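To start, the structure under review is shown below, and the notes come after it.
Source: prediction; values computed, not measured. Each chain gets a letter, A, B and so on, in the order the sequences are listed, and its residues count up from 1.
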Amino acid sequence: DAKTTQPTSMDCAEGRAANLPCNHSTISGNEYVYWYRQIHSQGPQYIIHGLKNNETNEMASLIITEDRKSSTLILPHATLRDTAVYYCIVSRNPRQLTFGSGTQLTVLP
Amino acid sequence: SAVISQKPSRDICQRGTSLTIQCQVDSQVTMMFWYRQQPGQSLTLIATANQGSEATYESGFVIDKFPISRPNLTFSTLTVSNMSPEDSSIYLCSVEESYEQYFGPGTRLTVT
């Protein structure tokens with residue numbers, strides 16, 4: 001599975017959009033981009049996934065570039081409860097997830 | 001969505017002993033996964049457990065150290081054997097359903 005690169009940490013003001021980038025330049029055609037988050041002392045939580053097209057659900061939007069070498073997770077109106085470590089994972093199989101170090105997002109009041 | 005519970009939620013154990021962690025799912029699932037999260041680190045997959053067959057272990061993890069049972073489609077156990085302080089971690093189980101993995105709350109293990 002392709003490796004991903006994420007910033008170590010990011011801050012975001014409460015109520016503003018949080019845009020979390022992820023680079024996956026070695027992604028292959030049949031690999032999906034998955035996003036999970038882990039709030040402190042809890043198990044990880046699925047957020048969203050996509051292959052080529054942009055995706056949106058009740059939690060977030062996923063924007064994948066046309067060449068698929070990078071993506072951005074957007075939390076449209078960040079709240080304090082969105083403070084967590086966000087993991088970008090590239091995999092052919094949702095049962096085979098390799099967690100990297102992720103991005104610590106801190107939402108500031 | 002699957003709901004997963006784990007027991008115990010935390011434990012403090014002495015080195016050389018063993019601890020068995022239980023994972024219960026509220027629906028029948030084919031595969032269950034066990035992860036380890038060492039302090040300040042990300043998650044690492046230990047093994048995949050299918051009902052009715054031997055678990056499949058990832059590189060660096062062996063059955064003698066982390067025996068797994070999967071007696072039915074809603075339950076699994078992970079045993080951490082002959083513990084050392086390096087085994088101090090959070091152990092999590094998960095299941096996959098419709099492209100999403102659902103994780104339990106984790107078992108926080110401290111080995112003294």
Would you tell me whether Q51(B) and T30(B) have side-chain atoms, one donor and one acceptor, within less than 3.5 Å of each other? no
Inspect the contact between R37(A) and D82(A) and indicate whether a charged nitrogen and a carboxylate oxygen are less than 4.0 angstrom apart. yes
Would you call D87(B)-R15(B) a salt bridge at under 4.0 Å N-O?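 Salt bridge: no.
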As an exercise: rank E58(B), M31(B), Q101(B) by heavy-atom pairs under 4.5 Å with chain A and give me the winner. Q101(B)
Could you tell me how the ring of Y99(B) sits relative to the ring of H49(A): parallel (under 30°), tilted (30 to 60°) or perpendicular (over 60°)?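 Y99(B) and H49(A): parallel rings.
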If I measure from the heavy atoms of chain A, does [X] come under 4.5 Å with its side chain, its backbone, both, or neither?
X       : answer
L43(B)  : both
Y102(B) : neither
Q6(B)   : neither

